[in-house]
Protein chains: 2
Amino acid sequence: MLSFLLALLQTAVPASSDALPADWRAIPDDEVVVMTLADGGRVVIRLAAGRAAGHVANIRKLAVKKWWDAGGSVYRVQDNYVAQWGDVTEKKPLPADVEANPPAEYEWQGEAPVAKLTRRDPYAEWAGYTRDGWPLAGSGASQWLPHCYGMVGVARDLAPSTGSGGDLYAVIGHGPRALDRNIAVVGRVVEGIERLSALPRGTGDLGFYKAPAETPMAIRSVRLASQMPAAERPRFQYRATDNPRFAAWIKTRENRQPPFFVVPAGGADICNAMPPVRRAPPVTADAAR
Amino acid sequence: MLSFLLALLQTAVPASSDALPADWRAIPDDEVVVMTLADGGRVVIRLAAGRAAGHVANIRKLAVKKWWDAGGSVYRVQDNYVAQWGDVTEKKPLPADVEANPPAEYEWQGEAPVAKLTRRDPYAEWAGYTRDGWPLAGSGASQWLPHCYGMVGVARDLAPSTGSGGDLYAVIGHGPRALDRNIAVVGRVVEGIERLSALPRGTGDLGFYKAPAETPMAIRSVRLASQMPAAERPRFQYRATDNPRFAAWIKTRENRQPPFFVVPAGGADICNAMPPVRRAPPVTADAAR
């Protein structure tokens with residue numbers, strides 16, 4: 001039962017769906033958030049710049065002010081749903097320039113997808129991709145970021161609260177798409193999601209850790225990459241979606257390949273066809289010359 | 001950010017979508033498999049009796065013969081995909097009456113859904129429910145069990161291998177529906193999925209644990225409930241799907257309720273609308289009289 005799996009690894013051959021080097025584009029340092037947990041685990045999040053602007057601005061301010069460093073924790077882990085972090089006391093004051101409830105930019109108009117999946121999904125008339133490497137869903141005139149595995153949203157109280165961004169969650173189960181358009185999606189975990197998804201589940205209501213036997217995982221620090229010394233910044237790239245190679249890649253996700261897959265699906269769920277993001281490869285002597 | 005969540009718990013009021021006592025029907029003891037891990041964690045699986053019959057028969061035989069008890073382990077945990085268990089050595093002989101490769105009953109004909117979701121999904125023309133409380137997907141004349149969170153499948157080598165059932169996996173991430181119709185789905189974890197989903201991820205290829213730093217989680221025992229002393233058997237019930245209360249329940253999954261949800265989706269993914277299963281409530285003195 002192992003051999004087939006390992007054999008599959010050897011079937012990767014260059015194909016029309018492969019990216020060219022120029023298809024990989026740098027993610028700016030001020031879109032990259034590095035959260036380090038007390039156990040040393042590192043979770044790297046790409047912020048969805050240009051969407052949910054008020055919430056993204058808040059998160060940048062909170063990182064710059066090191067707001068999560070003192071007392072922040074991952075305090076709720078609910079199986080097949082979310083891991084949530086921030087201020088479990090609900091009492092820590094926000095910095096003066098952080099808005100408690102930014103406008104509810106849960107959906108917007110006028111952003112056409114650069115590429116689309118073949119089939120509609122149950123939560124949107126279409127699902128596809130933005131130019132800058134985000135999954136996107138839409139119905140009628142509206143578009144939004146879908147709640148897929150690893151996507152990051154802003155915990156909130158009942159409306160009209162939209163949440164400040166001080167408490168965030170990452171999806172660690174089947175994409176809870178019913179949350180789409182009901183909450184601000186602000187980013188995506190691009191590295192280290194397993195540091196959240198493999199945490200013990202809380203046994204309290206909704207996965208809250210239940211004292212005294214269960215304790216939240218403390219947050220050591222949260223930083224924007226742009227705050228870190230240049231040599232220490234993790235550098236990431238997204239795969240550009242505006243080219244025929246990406247269109248071919250979509251088809252490979254919709255019709256998985258033999259020899260393991262015998263019946264192709266003819267379609268895919270956006271959460272099973274997430275746009276690729278990777279660590280920037282080291283600059284070689286040749287390229288730097 | 002906590003208060004809203006706790007407040008939500010108090011919004012549960014009887015509704016037309018609530019089950020009547022008679023809607024809960026017993027799951028037979030020979031459909032219930034109890035896997036106990038070395039750390040004491042218990043994972044309970046309902047077998048999909050009547051589907052993938054050769055594989056389900058093998059699993060029953062392997063449990064009765066205690067095949068997994070000596071040397072069995074959870075040896076592969078791949079984030080956002082599966083936790084897999086069985087014989088990591090690939091060398092343990094199967095009992096003589098266990099077929100190494102039963103027929104590939106990955107899909108079948110003639111099973112009409114008792115209830116359906118409103119919208120199609122990207123992997124099937126329709127998604128819905130069987131009479132006995134399973135999720136079901138279908139296209140054309142075919143039906144199959146979808147790869148949703150918690151569903152259990154049979155690891156296999158390249159076709160024509162179908163796997164014996166000695167190595168199994170449970171889905172611990174976004175439903176990898178591309179596997180539908182390509183592999184035998186034999187059950188669903190009905191309790192204790194978090195004992196698998198919160199295991200450390202393996203850092204080897206495909207989530208295999210990498211020696212010597214990482215070690216598989218040993219399996220202490222695997223038993224059919226029908227093998228256990230009557231007093232020790234866990235008893236489960238599925239919610240019947242053939243009644244208007246269940247139809248109303250589907251609508252509540254497709255249109256989540258205020259006050260937290262403001263924009264209803266109008267549809268749901270079958271993996272976000274899994275048919276309810278629960279522990280049988282204790283028999284009260286009244287009922288037993």
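Here is the naming used below: chain letters follow the sequence lines, and residue numbers restart at 1 for every chain. Because only heavy atoms are used, hydrogens play no part in the values below, and waters and symmetry mates are left out as well, while side chains stay in.
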Could you give the side-chain donor-acceptor pairs of residues 258-269 of chain A under 3.5 Å, partners two or more places apart or in another chain?
unit_1	atom_1	unit_2	atom_2	d
A:D269	OD1	A:C271	N	3.0
A:D269	OD2	B:H174	NE2	2.6

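- For the options A:N80, A:D121, A:D180, heavy-atom pairs under 4.5 Å to chain B are most numerous at A:N80.
- Looking only at heavy-atom pairs under 4.5 Å with chain B, the residue among A:C148, A:S197, A:S139 that has the most is A:S197.
- Contact annotation for B:I270: neither backbone nor side-chain heavy atoms come within less than 4.5 Å of a heavy atom of chain A.
- Taking each heavy atom of A:P275 and A:Y129 in turn, the nearest pair found is CD-CE2, 3.7 Å.
- When the candidates B:P200, B:A198, B:A127 are compared by the number of heavy-atom contacts under 4.5 Å with chain A, B:A198 comes out ahead.
- Of the listed residues A:R120, A:R256, A:E254, the one with more heavy-atom pairs under 4.5 angstrom with chain B than any other is A:R120.
- Using a 4.0 Å cut-off between charged nitrogen and carboxylate oxygen, A:R42 and A:E191 do not count as a salt-bridge pair.
- With sequence neighbours excluded, the residues forming a side-chain contact (heavy atoms from CB on, under 4.5 Å) with A:A170 are A:W85, A:V152, A:V189, A:I193, A:L196, listed by chain and number.
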Practice item. Take A:T252 and A:N255, measure what side-chain contact (heavy atoms from CB on, under 4.5 Å) needs, and give me the verdict at the end. Key: CA-CA 5 Å; A:T252 67; A:N255 296 288; over 6 Å; no
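- Heavy-atom distances place no part of A:L117 under 4.5 Å from chain B, backbone and side chain included.
- Heavy atoms closer than 4.5 Å to chain A are found in the side chain of B:E107, but not in its backbone.
- By the 4.0 Å N-to-carboxylate-O rule, B:K210 lies too far from B:D205 to be salt-bridged with it.
- Annotation: maximal heavy-atom pairing with chain A below 4.5 Å, among B:E194, B:R201, B:R181, occurs at B:R201.
- Considering only heavy-atom pairs separated by less than 4.5 Å from chain A, the leading option among B:L179, B:T118, B:I172 is B:L179.
- No donor-acceptor pair under 3.5 Å is formed between the side chain of A:W67 and the backbone N or O of A:I59.
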